[in-house]
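The structure's right below; bear with me while I get my questions together.
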Amino acid sequence: MRLAHLWDQSRCIGCGACIAACNAANYRSTTKDNPTWGGVQTNIKRIVFDLKEKPYILLVQCQHCENAPCVAVCPTGASYIDRDGLVKINPDLCIGCKYCMTACPYGMRWLDPDFGLPEKCMGETCQSRVKAGLMPVCVTVCPAGARAFGDLDDPNSEVNKRLKKGRVVRLLEYKGTRPKFFVVVGR
Amino acid sequence: MMFQEVWNPVIIGLFLWFAGIAGMGSVAYALMKLGKVEEKTKELSCVVFASIVLALVFVVADLSRPLNMPLAIIRSVLSGTFFYKLSTSWMTIGISLLSILLLLALLVLLRETVAKGLQKIVDAKWYLVLTGFVGFMVVIYSGFLIADAPGVPFWNNSLIPVLWILSASICAIAVLKILVHKPEVSNFLTKSGLAVDIAEAVALASLLNVSLYSGVEAARRSAEALVAGELAAAFWLLVVLVGVAVPMVLGFMLLRKEDRRLALLAAACALVGALALRILVLQAGIFLELSL
């Protein structure tokens, strides 16, 4: 099983519902700041490119890389790739060295100020939902249908169907991380 | 300008500095003992042990879950994951090397101070070679630790470990220059220090040059911050002037005639420069920028 995320930039309306839902579901709607990225505590980072003539946004999160640097550098095995292909953290094994944070080329980990734990997609609630056969909250709440989630090994999964239809890019592929976060940039 | 804030540059800079002194100090101790130079080995063993202890204090000080560390490492060792991680994580290698060096340095310190009976083991050739080897590996590890972070292109550079080895060698030579009084040993240290100073200047210039022109935006911005940006004043003053230029000029002066006060000044400048180098390289780290 290789679970993957897809975000369709051409459908996204930039409403931020996914970000708010992630904050609500995984971080109990806390209003505390995200000390690493700024803004609210959520696993989705909004990057705005001000190109003047054609500004655009990029919504990024953990890429659940098949060759994840954060997993490789973790000294105790706290960061690991689960059987479902998702990159997860075992808090019992984390010493808070933050090596995973400097190793992630996407900068997709942030430090929980209360527990000192590097946080990332997926949060605990989303992990439970996926285990129960549900979609992560960001996919469920998206009003534009810009998000999909599913198994790359299943030809009938929503992710695979949409990968066949659109023009897709993966971020920083040259880093050799084999990311499983797909960005649809057009049809 | 958004510099990395994941690792505290001062705390981790001090860790890397002390690790460098402990590492190359161990190499120096081993070489001195193997070369039958007995002068100030007791003092050197104190410096090495104190440095490794301080290195460990500083690295633990930057952990965000320090209380979880002992159990987490024990769990990882018991499950066997820790041993597998030795093949993928420089942090795991570092934890192992620092622990081994701590033990080796403690025995050396005890042999030099209160437990002369340890002489048989500690003065054995195999023990000295092992101590020197582990010390050298600690220095290599401290370089690869940050060079192995692909998220920060300025660090993710093969010149960092080279620079760290050269800079740590300068620190060890500086410590010896402070300790040793014999003119012939001091003269040898001056010559060695000068050679390593020149090599360090070349390595530093190479790191900046490669970062400026490699085409990676984040690395270029890091190098620019050091050369002509927010960190330039500290970089030129503490690293280039105090850390490289002054020791080099004083080194040439000392080549003509050894002078204790000048030697002490050169050593102090070299140590300050090495610390500033680590802090500023860490501070200058900028994460990769994402785009489509």
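A note on names: the letters A, B, ... follow the listed sequences, proteins ahead of strands, and every chain is numbered from 1. Computed from a prediction, not measured in an experiment: that's the story for all the values here.
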- Neighbour count above 12 (heavy atom, 6.0 Å) for A:Glu124 CD: no
- Greatest number of heavy atom pairs closer than 4.5 Å to chain A - which of B:Ile73, B:Leu63, B:Leu86: B:Leu63
- Query: Can you check side chain to side chain contact (heavy atoms under 4.5 Å, CB included) on A:Ile47 and B:Glu289, steps first, answer last?
  - Reply: CA-CA 10 Å; A:Ile47 305 172; B:Glu289 279 183 8; over 6 Å; no
- Answer yes or no: is there a donor N or O on one side and an acceptor on the other, between the side chain of A:Asp92 and the main chain of B:Arg75, under 3.5 Å? no
- Query: Can you check whether A:Gly116's main-chain N or O pairs, donor with acceptor, with B:Arg65's side chain at less than 3.5 Å?
  - Reply: no
- Query: Would you say A:Tyr56 and B:Ser291 make side-chain contact, with heavy atoms under 4.5 Å?
  - Reply: yes
- Item | Donor-acceptor pair, side chain of A:Lys175 and main chain of B:Gly151, under 3.5 angstrom | no
- Item | B:Asp148 vs A:Tyr99 side-chain heavy atoms within contact, under 4.5 Å | yes
- Message: To check you understand the geometry: which heavy-atom pair defines the closest contact between A:Ala103 and B:Pro150, and what is its length?
- Response: O-CG, 3.1 Å
- Message: Could you report the tightest heavy-atom contact between B:Ala72 and A:Ile95, atom names first, then the distance?
- Response: CB-CG2, 3.7 Å
- Message: Donor-acceptor pair, distance only, cut-off 3.5 Å: does the side chain of B:Trp155 make one with the backbone of A:Thr102?
- Response: no
- Residue pair A:Leu111 / B:Ser64, side-chain heavy-atom distance below 4.5 Å: yes
- Interchain contact, A:Val73 with chain B, by part (heavy-atom threshold 4.5 Å): both
- Taking B:Thr92, B:Ile74, B:Ile12 one by one, which has the highest count of heavy-atom pairs under 4.5 Å against chain A? B:Thr92
- Message: Donor-acceptor check, side chain of B:Asn68 to backbone of A:Cys94, threshold 3.5 angstrom: yes or no?
- Response: yes
- Message: Please check if the number of heavy atoms outside A:Phe49 that lie under 6.0 Å from its CZ is greater than 12.
- Response: yes
- Message: If you define the side chain from C-beta out and look only at heavy atoms, does anything of B:Leu290 sit under 4.5 Å from A:Tyr106?
- Response: yes
- Message: Is there a side chain to side chain contact (heavy atoms under 4.5 Å, CB included) between B:Thr81 and A:Thr76? Walk through the geometry before answering.
- Response: CA-CA 7 Å; B:Thr81 310; A:Thr76 58; over 6 Å; no
- Side chain, backbone, both or neither: which part of B:Leu145 has an atom under 4.5 Å from a heavy atom of chain A? both
- Message: Let's test your reading of the structure: which of A:Cys104, A:Ala78, A:Pro69, A:Cys100 forms the most heavy-atom pairs below 4.5 Å with chain B?
- Response: A:Cys104
- Task: For chain A, find which of B:Asp62, B:Ile93, B:Ile95, B:Val59 contributes the most heavy-atom pairs closer than 4.5 angstrom.
- Result: B:Asp62
- Message: Counting heavy-atom pairs under 4.5 Å with chain B, which one of A:Cys97, A:Gly107, A:Pro35 comes out on top?
- Response: A:Cys97
- Query: Looking at A:Ala72 and B:Ser89, what are the two nearest heavy atoms and their distance?
  - Reply: O-CB, 3.5 Å
- Is there a side chain to side chain contact (heavy atoms under 4.5 Å, CB included) between A:Met101 and B:Val6 once you walk through the steps? CA-CA 7 Å; A:Met101 295 175 73; B:Val6 173; 3.8 Å; yes
- Query: Which bit of A:Pro113 is near chain B, if near means a heavy-atom gap under 4.5 Å: side chain, backbone, both or neither?
  - Reply: neither
